[in-house]
Amino acid sequence: DKGGWPSFMAKEVTEQPDAVANTIRGRIVDGVVDVPELTAFGDEALSAIRRVIIIGCGTAAYAGLVAKYAIENWAGVPVEVELSHEFRYRDPVISDDTLIVSISQSGETMDTLMAVKYAREAGARTLSICNTQGATIPRESDAAIYTHAGPEVAVASTKAFVAQITALYLFGLHLARVRGSLSADQIGEQLAELEAIPAKLSSVLGVGESIRTLAHWMSDTRSVLFLGRHVGYPVAMEGALKLKELAYIHAEGFAAGELKHGPIALIEPGQPVFVIVPSPRHSALLHAKVVSNIQEIRARGARVIAIAEEGDVAVLPFADEVIRIPLAAPLFEPILAVVPLQLFAMELSTAKGLDVDQPRNLAKSVTVE
Ligand code: F6R
């Protein structure tokens, strides 16, 4: 039931504040993070983990890439992120102090299932992040943290993505507590940031109207580029994936730092480029580097659509459009910055008269390798 929305996707995008709130529920008790599902491993084994490998496909893999920055920062454990199908077929080095974290909304993606089975046989511990109760991947794993995003019907993943990041962040903070890599106060600060996200998501959904106008205006665009740095980089790739899937437009996400190593050659007058701008309040350096990237592409005629936090005026002279997101700590910005990109893909698909919920050639759950 679309509940009065024009599409399941429109409904699911607006359910994102609840998806995050429901995924947090019961996992922060009296200001302490405690993910009950992780007791399956025992604190000792969790402390002994030397390496985390996150595996998934598509949007799930991008959620993993976002979480890599956070988990390494908080828990001090090296985290790699790999596409399930690449991991499975390259003889990866795995030992019993390796934790494999698989991410899958459906819990049925064959590429990810095969990778989990392979890792288990090689002696790794396996944790599944899944949105579907009783699905195959969580059953084949040592432990599962369910995201509580609710059923996702639209083929393009939206609320599952923000719920996956939420679950991975809870995992990272739980790991930091068990390992003693952060103090209780430091963990408390991050938890407060996480608990503030649902309200901020509700507020960012207010950009819908201006995104619709932008999408209508861009409905004959043939190519869109997305740039991001640090945690904004996986957000850029997710924005590009959404646009490919939903609007059948060539789209690519780049790390902003890569521009001068090749992609800047693509910039010609009129080329639309979304840029995810990191907060200047936390890293003036990171912010300045992205603003300088914006100047470089603008000088070559790019049409810049900046996604920037409230009050960041440095982008104003160089951006054609600025879409505002609420203030958040850097590691939490991706959960907010992705929303305008989801909405843009949805509105562009609608503007082109396409089926938002059922894009051509795609299935919700990919159960073949
Ligand atoms: C993107 C999308 C796909 C899935 C991918 C993994 O919008 O829907 O990229 O994210 O096929 O699916 P799950 O999470 O079910 O393993």
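Order of listing sets the numbers, starting from 1, for every ligand and every atom in it.
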Among all protein non-hydrogen atoms, which one is nearest to [atom], and what is the separation to 0.1 Å?
{"atom": "atom 3 (C) of ligand 1", "value": "T59 N, 4.2 Å"}
{"atom": "atom 11 (O) of ligand 1", "value": "V366 CG2, 4.4 Å"}
{"atom": "atom 15 (O) of ligand 1", "value": "S106 OG, 2.7 Å"}
{"atom": "atom 14 (O) of ligand 1", "value": "Q105 N, 2.6 Å"}
{"atom": "atom 12 (O) of ligand 1", "value": "T109 OG1, 3.5 Å"}

- request: Ignoring hydrogens and angles, state whether a donor on the side chain of S157 or E152 is under 3.5 Å from an acceptor on the partner side chain.
  value: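 Distance-only check passes for S157 and E152.
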- prompt: Under 3.5 Å, is there a donor-acceptor pair between the E238 and T59 side chains?
  reply: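 Yes, because at least one side-chain N or O of E238 sits under 3.5 Å from a partner of the opposite role on T59.
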I need the atoms of ligand 1 closer than 4.0 Å to a non-hydrogen atom of [X], numbered in the order shown.
{"X": "C57", "result": "5 (C), 6 (C), 10 (O)"}
{"X": "V155", "result": "8 (O)"}
{"X": "S104", "result": "13 (P), 14 (O), 15 (O), 16 (O)"}
{"X": "G58", "result": "9 (O)"}
{"X": "E245", "result": "1 (C), 2 (C), 7 (O), 8 (O)"}

Which atom of P272 lies closest to which atom of M218, heavy atoms considered: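 Nearest pair, atom of P272 first, then M218: CB-CE, 3.5 Å.
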- prompt: Looking only at heavy atoms, which two atoms of C57 and L83 are closest? And how far apart?
  reply: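 Looks like CA-CD2, 4.4 Å.
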message: With a 4.0 Å cut-off on heavy atoms, is K242 in contact with ligand 1?
response: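 Right, K242 reaches ligand 1.
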Whether T112 lies under 4.0 Å from ligand 1, heavy atom: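 Distance cut 4.0 Å: T112 fails for ligand 1.
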- request: Check each heavy atom of L362 against ligand 1 and say whether those closer than 4.0 Å belong to the side chain, the backbone, both or neither.
  value: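 For L362, there is no contact with ligand 1 at all, from either part.
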- prompt: Are there more than 12 heavy atoms of other residues, nucleotides or ligands under 6.0 Å from atom NZ of K364?
  reply: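 Yes.
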message: Does atom CZ (R90) have a neighbourhood of more than 12 heavy atoms from anything else shown, all under 6.0 Å?
response: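 Correct, the count exceeds 12.
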- request: Kindly state each residue pair satisfying ring-ring contact (aromatic ring centres under 6.0 Å, His included) with at least one member in residues 307-350, sequence neighbours excluded.
  value: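 For residues 307-350, and leaving out neighbouring residues, the ring-ring contact (aromatic ring centres under 6.0 Å, His included) pairs sorted by first residue read Y169-F332, F274-F344.
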- request: Write out all pairs satisfying salt bridge (charged side-chain N to carboxylate O under 4.0 Å, His left out) with one or both partners inside residues 159-168, taking only residues at least two apart or from two chains.
  value: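 For residues 159-168, and leaving out neighbouring residues, the salt bridge (charged side-chain N to carboxylate O under 4.0 Å, His left out) pairs sorted by first residue read E15-K159.
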query: Is it true that the NZ or CZ of R360 lies under 6.0 Å from the centre of Y248's six-membered ring and within 45 degrees of the ring axis?
result: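 So R360 does make the cation-pi contact.
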message: Any nitrogen or oxygen of Q164, side chain or backbone, less than 3.5 Å from one on ligand 1?
response: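 The answer is no, given that Q164 and ligand 1 share no N or O pair closer than 3.5 Å.
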